[in-house]
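Step one of this worksheet: look at the structure below.
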Amino acid sequence: MSTDNKCIFCNNKCDVNQTPNHHDLRTYSCDYCGEYILPLMGLGRISDSTNSSDKFKVACVLNERRLKGFGGIVLSISTDKEAKVCGYPVVSVKDVLNEFPKKASDFLHRTLLNLSRLRERPFDVIALSTMKAQDRLQLFFHDKTACDAFLRELEEQGFIRHNIATNTKETGAFFLTIKFWEIVDNLRKEEVGNKRAFVAMRFHKSMDDYYENGIRKAVEEAGYIPVRIDLQDFNEKICDEIIAEIRRDKFLIADFSWLRSGVFFEAGFAKGLGREVIFLVRKADVDELKEHFDTRQYNHIVY
């Protein structure tokens, strides 16, 4: 039987029910955190063992999952990629916390994507009040003052405009600008579903074995698609295509073997876009690579 209760993470009202076919689990249905499952005992006591900051972070990630249209989630002591309960993945609270944004660019981009999911058309008014804790979940900031400052920054950058075109009296009403939707269109190409990994390296027969049995194999086993520009079909100039490909790919693998200048450029461009870069180099080039101050501070995988 459903009972009115408080969401463990965002503290809003939610329903709690016994999970079908699992007497030791409870299913929580929250308007903000979506549906999640917890053990009746043990991890179910998370409300006593998790501090308020971590609870808010978990609530933000769960809210983001709900806005993306993802299904429920089973929170456990450890992640089990093979197991499912009621069709939901089993994920540790630690792994959920690791999904919370870390860099300023992450806060910005993921907030823009959250806001885009609240409205589907330009100039639809959003009534988001930083007085309400549940509205602050969209911005990933628990503190009202920080949320207000963030919204002012979004307005100054031209992503939102506070509403003056309607008679609404809602606190914090604003609409999403054309500039907002342009950047969101690009961000959507880079989201979780993006499985492309750009490979920057020397294109030579001597490197084919390293690529086929090392880089390509590792990337594919990790569930991604390796993209090597010399193996792609395109009509544009190769330099333009490299730039476009790095923009659309999720991360970049840079093999600095033979110290090719193009690899330095491509890795730097990816870094400038905020992409993750995995650094590789063959053992024979390690000493010479150390002379390059712009890359030597990064950890390299040596083979």
Side-chain angles (χ1 to χ4, degrees), residues 2-19 22 24-118 128-147 150-151 187 191-193:
S2 174
T3 58
D4 289 337
N5 211 317
K6 293 286 187 180
C7 173
I8 287 176
F9 303 107
C10 73
N11 205 37
N12 284 287
K13 183 178 178 181
C14 74
D15 288 338
V16 183
N17 295 279
Q18 180 177 306
T19 304
H22 295 276
D24 58 339
L25 301 178
R26 290 295 180 269
T27 298
Y28 294 72
S29 298
C30 171
D31 287 342
Y32 300 95
C33 296
E35 193 164 274
Y36 59 90
I37 296 175
L38 288 173
L40 184 60
M41 302 295 290
L43 190 64
R45 300 180 185 274
I46 192 171
S47 57
D48 299 323
S49 61
T50 305
N51 61 48
S52 59
S53 176
D54 281 350
K55 285 182 187 177
F56 176 77
K57 290 178 180 179
V58 172
C60 286
V61 174
L62 295 182
N63 176 63
E64 183 181 45
R65 287 177 54 88
R66 177 185 63 83
L67 291 173
K68 288 180 177 180
F70 290 175
I73 189 172
V74 183
L75 293 168
S76 182
I77 297 297
S78 59
T79 297
D80 188 341
K81 295 182 179 180
E82 304 299 324
K84 285 188 180 294
V85 175
C86 299
Y88 297 161
V90 179
V91 182
S92 71
V93 174
K94 180 180 179 181
D95 282 349
V96 172
L97 286 170
N98 283 336
E99 292 183 33
F100 190 79
K102 298 174 179 64
K103 299 182 295 186
S105 59
D106 292 335
F107 279 95
L108 172 63
H109 295 163
R110 289 168 66 175
T111 293
L112 296 182
L113 288 166
N114 276 353
L115 294 178
S116 75
R117 297 178 182 111
L118 298 178
L128 185 153
S129 172
T130 57
M131 294 290 292
K132 300 176 181 178
Q134 60 267 33
D135 281 354
R136 297 199 291 270
L137 295 175
Q138 324 295 347
L139 309 178
F140 299 98
F141 285 102
H142 190 265
D143 181 74
K144 178 185 180 301
T145 302
C147 282
F150 191 25
L151 287 174
L187 290 172
E191 269 201 289
V192 175

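If you're wondering where the values come from, they're calculated on a predicted model, not measured in any experiment.
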Worked check of side-chain contact (heavy atoms from CB on, under 4.5 Å) between Ser92 and Ile77: CA-CA 5 Å; Ser92 71; Ile77 297 297; over 6 Å; no

Whether Phe100 and Phe140 hold their rings parallel, tilted or perpendicular, with breakpoints at 30° and 60°: perpendicular

Among Leu62, Asn12, Val61, the one residue meeting side chain to side chain contact (heavy atoms under 4.5 Å, CB included) with Cys33: Leu62

Leu25 to Pro39 - nearest heavy-atom pair and separation: CD2-CA, 3.6 Å

Any donor-acceptor N or O pair under 3.5 Å, side chains Thr27, Thr19: yes

4.5 Å side-chain heavy-atom contact, Val91 and Val74: no

CG (Asp31) with more than 12 external heavy atoms under 6.0 Å: no

Asp80 side chain to Val90 backbone, donor-acceptor under 3.5 Å: no

Nearest atoms (heavy-atom pairs only) where Asp135 meets Ser129: OD2-N, 2.9 Å

Side chain to side chain contact (heavy atoms under 4.5 Å, CB included), paired with Leu75, selected from Ile8, Ile37, Leu38: Leu38

Evaluation steps, side-chain contact (heavy atoms from CB on, under 4.5 Å), between Leu151 and Leu139: CA-CA 9 Å; Leu151 287 174; Leu139 309 178; 4.1 Å; yes

Parallel, tilted or perpendicular, as decided by the 30° and 60° cut-offs, for the rings of Phe107 and Phe141: parallel

Exercise: identify the closest heavy-atom pair between Lys6 and Lys13: CD-N, 4.5 Å

Audit row: Gln138, Thr111, side-chain contact (heavy atoms from CB on, under 4.5 Å) steps and yes/no: CA-CA 6 Å; Gln138 324 295 347; Thr111 293; 5.9 Å; no

Exercise: identify the closest heavy-atom pair between Arg136 and Thr130: NH1-O, 2.6 Å

CZ-OG distance between Arg110 and Ser105, expressed to the nearest 0.5 angstrom: 10.5 Å

Donor on one side chain, acceptor on other, Thr79 and Asp95, under 3.5 Å: yes

Gap between atom CZ of Phe9 and atom SG of Cys30 - 0.5 Å precision: 10.0 Å

Distance in Å, Leu118 CG paired with Leu128 CG, rounded so as to fall on 0.5 Å steps: 7.0 Å

Non-hydrogen atoms of Pro89 and Arg65 that approach each other most closely: CG-NH2, 4.4 Å

Candidate pair Val58 and Lys55, rule side-chain contact (heavy atoms from CB on, under 4.5 Å), full reasoning: CA-CA 5 Å; Val58 172; Lys55 285 182 187 177; 5.8 Å; no

Spacing of SG belonging to Cys86 relative to CD1 belonging to Ile73, to within rounding of 0.5 Å: 13.5 Å

Over all atoms of both residues, closest heavy-atom pair of Glu35 and Ser29: OE1-OG, 3.2 Å

Distance, nearest 0.5 Å, that separates CG of Asn114 from NZ of Lys68: 8.5 Å

Sidechain-backbone polar pair: Arg26 side chain, Val16 backbone, donor-acceptor under 3.5 Å: no

Polar side-chain atom of Asn5 near backbone of Cys14 as donor-acceptor pair, under 3.5 Å: no

Interatomic distance, Asp106 atom CG to Leu108 atom CG [nearest 0.5 angstrom]: 9.5 Å

Under 3.5 Å: donor-acceptor pair, side chain of Arg66, backbone of Tyr32: yes

